[in-house]
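All values reported here derive from a predicted model rather than from experimental measurement.
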Amino acid sequence: MDRLAGLRRGPKQGIKGEAGAVVQAKKIALYVIVVFVLYTIITSPARAADLVQVGFEGVSSAAQGVGDFMSELVK
């Protein structure tokens, strides 16, 4: 029962042990990703723009595929 009470208090209170380590690891990973993205944009903006364009094209293609599937499903 004590353990559930600690979980109900929220993320700032009651996080200890492994759960706290996981939260810290996620924060560190997020910071590393943000720093890497900023470094990539600053050092090579043209390459970063190309990568973003490729990403958007991939999302667009996936959405087109889902749309085609739904259209065929309705027929």
Side-chain angles (χ1 to χ4, degrees):
M1 202 66 164
D2 246 358
R3 187 172 184 181
L4 290 176
L7 291 175
R8 286 190 201 117
R9 281 185 259 162
K12 297 284 183 188
Q13 305 166 354
I15 293 181
K16 296 178 182 174
E18 291 180 23
V22 170
V23 170
Q24 289 292 16
K26 286 182 181 180
K27 284 182 183 179
I28 292 170
L30 179 64
Y31 290 139
V32 168
I33 290 170
V34 168
V35 168
F36 176 74
V37 168
L38 290 174
Y39 173 78
T40 302
I41 291 171
I42 291 169
T43 58
S44 180
R47 177 73 176 139
D50 290 341
L51 292 175
V52 170
Q53 183 178 5
V54 167
F56 279 123
E57 287 174 359
V59 170
S60 176
S61 296
Q64 180 68 39
V66 170
D68 291 345
F69 171 74
M70 290 297 177
S71 296
E72 291 296 320
L73 192 62
V74 171
K75 288 183 183 179

Exercise for review: Answer yes or no: is there a donor N or O on one side and an acceptor on the other, between the side chain of Thr43 and the main chain of Tyr39, under 3.5 Å?
Suggested key: yes

Practice item. Determine whether Phe36 and Ile28 fall in the same hydrophobic cluster, where Ile, Leu, Val, Met, Phe, Trp and Tyr are linked whenever their side-chain heavy atoms lie under 4.5 Å apart. Key: no

Practice item. Would you check if Arg47 and Leu51 make a side-chain contact, meaning some heavy-atom pair closer than 4.5 Å? Key: yes

**Study point:** Flag, side chain of Ser60 to backbone of Phe56, donor-acceptor distance under 3.5 Å
**Key:** no

Review point. Linking I/L/V/M/F/W/Y whenever their side-chain heavy atoms sit closer than 4.5 Å, directly or via other members, would Leu38 and Leu30 fall into one cluster?
Key: yes

Practice item. Test Met70 against Leu73 for side-chain contact (heavy atoms from CB on, under 4.5 Å), laying out the working first. Key: CA-CA 5 Å; Met70 290 297 177; Leu73 192 62; 4.3 Å; yes

